[in-house]
Amino acid sequence: MIEIDRVTKVFGAGAEAFRALDAVNVTIRQNEFFTLLGPSGCGKTTLLRVMAGFVDPTEGAVTLEGDDLLRLAPYERPVNTVFQSYALFPHMTVAENIGFGLEMQGRPRDEVRRTVGEMLELVRMSELADRRTSEISGGQQQRVALARALAPRPRVLLLDEPLSALDFKLRKDMQLELKRLQSETGITFIFVTHDQEEALTMSDRIAVMNEGAIRQIGSPRDIYDHPAERFVADFIGDTNFLEAELLSKEEARAEVRLASGAAVTARAAEGGAEAGAVTLAIRPEHADLAPEGEGLLPGRLSDVVYFGTDTHFHVDLDAGGRFVVRRQNTPDRAEARAPGERVAVRFGARVGQVLRD
Amino acid sequence: MARRRGFDVTRLPGFATIAILCFVLLYAPIVLLVIFSFNESVSVSEWQGLSLRWYRSALENEQVQAATVRSVVIASAASLIATAAAVGAALATTRTRPWRGQTLAFALVNQPLMVPEVVTAVALLFFFSMIKVATGYTGLWYLIVAHAAFCIPFAYLPVRARLQGMDLTLEQAAADLYATPWQVFRRVTLPQLWPGILAGAMLAFVISLDDVVITEFVKSAGQDTLPTYMLGQLRRAVTPEINAISTALLVVSVVLVMAFFFLSRPRT
Ligand SMILES: Nc1ncnc2c1ncn2[C@@H]1O[C@H](COP(=O)(O)OP(=O)(O)OP(=O)(O)O)[C@@H](O)[C@H]1O
Ligand SMILES: [Mg+2]
């Protein structure tokens with residue numbers, strides 16, 4: 001278990017001081033595939049570097065199973081990193097790269113050889129053991145970097161956008177492979193990405209970051225279905241935002257009145273207003289179209305966009321604003337709707353999410 | 001499609017003429033020197049036919065032999081010392097957190113490039129003569145130490161350039177994989193630094209090999225190096241032997257400098 005407690009990092013001083021991390025609090029569990037997700041420059045790499053020991057936080061504490069990590073130099077931490085640029089040693093072979101950590105730990109020679117062999121097999125690189133790292137492809141380099149970091153059996157593996165340099169197909173393969181490696185080795189993975197789809201498919205839990213702070217932590221489902229804030233809802237997937245009035249709130253259950261006057265039950269994020277004007281977030285695929293007069297929000301269909309797997313219906317709401325409904329296409333449901341038609345948007349109880357801000 | 005060009009110096013009028021003139025001034029004398037080193041004649045300026053006579057004569061000249069050995073000994077020892085010091089200095093100015101006086105240290109290391117050589121020479125002469133009086137030692141070490149001192153910047157600059165061009169994440173990756181700072185240096189930094197170190201050492205060697213000014217001031221009697229021996233000969237009768245020695249020196253320097261450029265070219 002890694003506990004990151006109010007970690008703050010300020011680069012520079014005086015007028016140029018820049019707060020790259022702002023009181024970050026997070027607990028990462030043993031064996032977890034934990035993802036840090038956020039836009040470029042939000043501090044993901046900085047947080048990883050704090051854990052690896054290359055950046056000293058300005059404030060805060062980092063502990064691993066209760067032991068203070070910040071006290072230890074990088075080479076004393078049972079934490080290994082897969083660098084964004086791989087950082088393979090160019091003057092060593094693939095096998096020497098993978099064995100480097102074990103050798104530095106002073107493991108006996110035959111144990112090093114055996115473990116390197118296992119690692120090569122694990123990442124399916126056995127035939128290329130004696131190649132120079134400049135003589136293998138990007139995907140292969142990525143796997144060597146992974147094997148090199150896994151070989152010493154760290155308690156925690158930090159991965160800084162390890163897949164970002166790979167093409168789409170290889171990326172998909174490596175995503176599966178990473179998941180497989182994580183479950184086979186039982187090592188805690190802390191994975192950095194700015195690709196929301198990658199985060200959703202791979203993670204046990206996701207922390208969404210913005211401007212040096214963690215905005216929300218939860219399972220991919222939690223984060224996607226129940227974004228707590230506008231930033232999270234916007235950053236991950238597509239979302240419709242509706243102005244609404246909060247009538248009552250009881251734990252996560254909220255009654256809201258929409259601009260059309262209709263009342264509906266929604267989920268409420270923790271914290272936030274107890275009453276008054278709020279924003280309601282609804283995913284396009286969580287809503288549906290109804291004949292005029294039946295749904296919650298009447299309006300006029302302005303656009304129908306066909307995407308192959310699904311169709312997007314753009315509705316100009318009578319109460320103002322635009323709402324997008326996404327519907328899966330099936331051959332038996334080729335109903336014809338034309339722009340200009342009067343329709344209504346509807347969604348079920350507890351589908352809408354009342355945001356914190 | 002019209003291409004916009006920046007300032008192109010090669011299109012200035014007279015550029016080609018000036019360039020050719022410069023090259024002629026630089027290389028014509030050297031070409032002549034090399035040609036005349038194969039001259040049969042006793043006269044330096046009169047061509048009498050091809051021969052290796054003066055090379056043979058130089059090789060058999062015991063003074064030339066002694067000066068050559070001395071030059072090589074001094075250049076080897078000095079470049080070794082200078083390179084070791086330069087590696088330390090380069091590490092201290094690139095691989096540490098910025099420290100107070102770092103720029104000053106950089107300037108001090110490169111002092112021999114800025115201070116007129118003759119000033120250094122006079123200062124060393126003065127300094128060493130005090131030590132000579134105090135210790136009575138009159139050996140070759142004065143020359144070695146003096147050469148090492150002015151060779152340091154030449155060894156330092158390529159090493160520093162190599163260090164700066166090196167990917168820092170490699171060293172971090174090593175530290176991440178349980179290598180102590182010393183192991184990081186030995187296993188990751190040094191292997192990649194070798195070309196820079198070799199390049200620096202070779203440059204220092206060449207610089208030491210052809211130094212005249214400082215050597216002339218610092219040397220004791222009978223401590224002629226090849227260049228100071230040649231200078232001494234010129235004051236007396238000039239024989240084409242000088243041409244032969246110069247040509248040999250030229251070949252050694254060119255080979256070393258070419259090796260330097262080969263080693264210090266950016267890695268692909
Ligand atoms: N050594 C440094 N000195 C000053 N500012 C820094 C330093 N390192 C990072 N920063 C700043 O801190 C912020 C966070 O950087 P960080 O590298 O953690 O971003 P990131 O989330 O990893 O982004 P990306 O997805 O682009 O890799 C950035 O604005 C960056 O400019
Ligand atoms: Mg980053």
Side-chain angles (χ1 to χ4, degrees), chain A residues 12 45 48-49 51-56 72-93 96-107 112 115-116 119 132-134 141 144-160 162, chain B residues 83 87 90-103 158-202 259-260 262-268:
Chain A
T45 298
L48 275 202
R49 292 167 66 79
M51 290 186 249
F54 303 125
V55 167
D56 290 327
L72 304 174
Y75 63 90
E76 296 168 320
R77 301 188 187 193
V79 170
N80 289 351
T81 308
V82 178
F83 291 82
Q84 185 158 4
S85 54
Y86 308 152
L88 298 178
F89 305 126
H91 55 292
M92 298 181 196
T93 64
E96 285 165 350
N97 263 278
I98 297 176
F100 187 84
L102 298 160
E103 215 184 304
M104 291 301 112
Q105 284 181 322
R107 305 280 181 83
V112 173
T115 312
V116 168
M119 283 299 141
R132 292 253 151 187
T133 56
S134 53
Q141 287 179 13
V144 175
L146 199 62
R148 185 181 69 174
L150 281 172
R153 292 260 154 191
R155 282 201 268 172
V156 179
L157 189 70
L158 308 175
L159 303 104
D160 194 353
Chain B
T83 307
V87 170
L91 284 172
T93 49
T94 55
R95 283 298 188 275
T96 52
R97 295 174 181 222
W99 36 282
R100 276 174 76 88
Q102 190 166 340
T103 320
V159 173
R160 181 185 152 96
R162 185 96 192 169
L163 272 174
Q164 280 178 328
M166 230 187 236
D167 186 1
L168 260 185
T169 54
L170 290 180
E171 287 165 43
Q172 287 178 349
D176 191 62
L177 292 162
Y178 313 104
T180 60
W182 167 247
Q183 286 172 319
V184 172
F185 175 71
R186 219 177 53 74
R187 297 292 306 271
V188 175
T189 315
L190 199 57
Q192 294 183 84
L193 202 55
W194 267 124
I197 293 176
L198 273 180
M202 276 186 314
F260 164 78
F262 178 76
L263 285 168
S264 56
R265 91 207 132 133
R267 257 187 320 152
T268 45

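Here is how names work: the chains are called A, B, and so on, in the same order as the sequence lines, proteins then strands, and each is numbered from 1.
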Between the side chain of B/R160 and the main-chain N/O of B/T94, is any donor-acceptor distance below 3.5 Å? no
Residues in side chain to side chain contact (heavy atoms under 4.5 Å, CB included) contact with A/Q141, at least two apart in sequence or another chain: A/Y86, A/L88, A/I136
Can you check whether A/T133 reaches A/M92 side chain to side chain, under 4.5 Å on heavy atoms? no
According to the side-chain hydrogen bond (donor to acceptor under 3.5 Å, both in side chains) rule, which pairs have a member within residues 147-156 of chain A, sequence neighbours left out?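 Matches after skipping sequence neighbours: A/N97-A/R148.
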Count the heavy-atom pairs under 4.5 Å between each of B/D176, B/T169, B/T180 and chain A, then report the option with the highest count. B/D176
Interchain contact, [X] with chain B, by part (heavy-atom threshold 4.5 Å):
{"X": "A/E103", "result": "side chain"}
{"X": "A/V79", "result": "backbone"}
{"X": "A/S85", "result": "side chain"}

With only heavy atoms counted, which part of B/Q172 is less than 4.5 Å from chain A, the side chain, the backbone, both or neither?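 It is both, since atoms from each part get that close.
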For the residue pair B/M202 and B/A259, what are the closest heavy atoms and their distance?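 Answer, listing the atom of B/M202 first, then B/A259: CE-CB, 3.6 Å.
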Residue, of A/F54, A/F83, A/Y75, that accumulates the most heavy atom pairs under 4.5 Å with chain B: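 If we count pairs closer than 4.5 Å to chain B, A/Y75 comes out on top.
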